[in-house]
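First comes the structure, then the notes that go with it.
Every value quoted in this text rests on a predicted model; they were computed, and no experiment measured them. Residue numbers count from 1 along this sequence. Side chains included, hydrogens not; waters and symmetry mates left out as well; all remaining heavy atoms used.
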Amino acid sequence: MSETPPTSPNGYERITYEMPADGVARIMLNRPEAANAQDKLMLYELTDAFGVAAADDEVKVIILGANGKHFSSGHDLRDRSSFESFDTVGPVAGFDKPGAEGWMSTEQEIYMGFCARWRDVPKPTIAQVQGKVIAGGLMLVWPCDLVVASEDATFSDPVVAFGVNGVEYFAHAFELGARRAKELLFTGESMSAAEARDVGMVNRVVPRDELSQATLDLAVRIASRPSMGLKLAKMSVNQSVDAMGFPQALQQAFGLQHVGHAHNQWVHGMLVDPTGAEVIRADASAGR
């Protein structure tokens, strides 16, 4: 099949959707000028695209990649769009309620809710990752079943500097192990692709110019298996992790994040500690 992305099925603006090989759908974040920062439009389009691929019986494997230098710089903090512009997905309401109620609803919908939906797509998903993956960028990678990273990929969650525990989909201990997760969070330092592979977060590391083809080759190999076997294998592994307490850990950490937001609102008059930006800028200047 052609490698040229066709017109996106639902007129997407922030992503592209294509079928680069039989049985393989590829979704690409397409906001390279903003380092693929995630606004609501991107997240709703991404959720829709996963739904399109999940409902298409011709699709057996889904790749999630990104155009441009970096996979994703995280949440777009400049996004001021209203939920009135979108058909909400989860059983959540009250986005405009004052105080913690409205903000908690927002994060239940577009962060916790979306990540859980992506993780439960009944087909294998592969994250194709290059460049920087910062904070909210991890929340696109972690719900995927496999991760193929370029040698230049780095992963970080520096938001402890803002007075909260980490990103909303708090899978750190499960993805990295307890002590490495604490180091990543406490220091805000980046983890290389090679180390991410060593701790089990990344499956394969390849040269940057081979990333797209290596990921597609892996997807094609997986697509040669029967869809029923793939579905059952994915469910079995996910349910094993769930039996270890993964859903409960996510919800507990989500609640603690809102304690952090409430504290910051009380002390600083905003959801995050404003000194965090200075800390992160200093780390960046020092190359950390």
Side-chain angles (χ1 to χ4, degrees), residues 15 27-29 36-38 42-43 46-47 49-50 54 61-66 70-75 107-150 153-160 164-178 180-185 188-193 195-205 215 218 234-235 237-254 256-257:
I15 65 173
I27 304 166
M28 299 292 287
L29 310 180
N36 292 308
Q38 307 158 32
M42 176 183 282
L43 294 174
L46 183 55
T47 294
F50 271 121
V61 182
I62 305 165
I63 295 171
L64 173 62
H70 301 297
F71 180 80
S72 178
S73 58
H75 303 328
E107 295 198 338
Q108 284 175 318
E109 167 78 357
I110 63 174
Y111 298 149
M112 287 290 286
F114 283 1
C115 288
R117 290 173 67 88
W118 303 333
R119 178 178 184 258
D120 290 339
V121 169
K123 299 177 180 182
T125 56
I126 307 173
Q128 173 185 303
V129 179
Q130 80 280 358
K132 294 185 182 300
V133 183
I134 302 173
L138 295 170
M139 294 169 55
L140 304 185
V141 173
W142 284 345
C144 292
D145 300 307
L146 303 178
V147 182
V148 180
S150 62
T154 61
F155 305 86
S156 64
D157 185 2
V159 300
V160 168
V164 293
N165 48 350
V167 294
E168 293 81 2
Y169 186 76
F170 198 91
H172 304 66
F174 287 85
E175 294 285 349
L176 305 174
R180 190 61 184 93
K182 290 174 183 176
E183 183 181 2
L184 185 90
L185 290 163
E189 292 175 351
S190 296
M191 173 186 290
S192 70
E195 186 183 357
R197 178 186 55 199
D198 290 345
V199 300
M201 193 186 89
V202 165
N203 296 88
R204 302 183 181 186
V205 178
T215 307
L218 177 59
K234 175 169 180 169
M235 290 176 67
V237 175
N238 280 2
Q239 289 171 7
S240 296
V241 176
D242 290 348
M244 299 175 195
F246 182 61
Q248 292 81 7
L250 286 178
Q251 291 299 330
Q252 289 166 357
F254 183 68
L256 290 173
Q257 177 165 106

(request) Specify the closest pair of heavy atoms between Leu46 and Leu64, including all atoms of both residues, with the distance to one decimal. (result) CD1-CD1, 3.7 Å

(request) Could I get the full list of side-chain contact (heavy atoms from CB on, under 4.5 Å) partners for Pro247, not counting sequence neighbours? (result) Asp242

(request) Using atom types as modelled and distance alone, determine if a side-chain donor or acceptor of Arg204 lies under 3.5 Å from a backbone N or O of Leu146. (result) no

(message) Please check this pair: side chain of Lys234 against backbone of Thr125, looking for a donor-acceptor N/O pair closer than 3.5 Å.
(response) no

(message) With heavy-atom distances below 4.5 Å as the criterion, would you say the side chains of Phe170 and Leu256 are in contact?
(response) no

(request) Work out which heavy atom in Thr154 is nearest to a heavy atom in Ser190; give both atom names and the distance. (result) CB-CB, 4.1 Å

(message) Check whether Gln108 reaches the backbone of Gly113 with its side chain - one donor and one acceptor, N or O, closer than 3.5 Å.
(response) no

(message) Nearest 0.5 Å, please: how far is SG in Cys115 from CG in Leu138?
(response) 10.0 Å

(request) Using atom types as modelled and distance alone, determine if a side-chain donor or acceptor of Ser72 lies under 3.5 Å from a backbone N or O of Asn36. (result) yes

(message) Could you report the tightest heavy-atom contact between Phe174 and Gly245, atom names first, then the distance?
(response) CZ-C, 4.1 Å

(message) Measuring from atom CZ of Arg117 to atom OG1 of Thr47, what distance do you get when rounded to the nearest 0.5 angstrom?
(response) 6.5 Å

(message) Contact between His75 and Glu168 at the side-chain level, heavy atoms closer than 4.5 Å - yes or no?
(response) yes

(request) State whether the side chain of Gln130 and the backbone N or O of Ala66 hold a donor-acceptor pair below 3.5 Å, judged by distance alone. (result) yes

(request) Give, for atom CE of Met201 and atom NE2 of His172, the distance between the pair rounded to the nearest 0.5 Å. (result) 10.0 Å

(request) May I ask you to test the Leu140-Trp118 pair for a side-chain heavy-atom distance under 4.5 Å? (result) yes

(request) With Leu176 as reference, evaluate Glu195, Met191, Lys182 under the side chain to side chain contact (heavy atoms under 4.5 Å, CB included) test and give the passing residue. (result) Met191

(request) Report the distance from atom CD of Gln38 to atom CE of Met139, rounding to the nearest 0.5 Å. (result) 7.0 Å

(message) Is it the case that the side chain of Asp157 and the backbone of Val167 share a donor-acceptor pair, with hydrogens and angles ignored and the cut-off at 3.5 Å?
(response) yes

(message) Please report the interatomic distance CZ(Phe71) to CE(Met28), rounded to the nearest 0.5 Å.
(response) 9.0 Å

(message) As an exercise, state the distance from CZ of Phe246 to CZ of Arg119, rounded to the nearest 0.5 Å.
(response) 5.0 Å

(request) Using modelled atom types only, decide if a donor and an acceptor are shared between the side chain of Ser156 and the backbone of Gly188 within a distance under 3.5 Å. (result) no

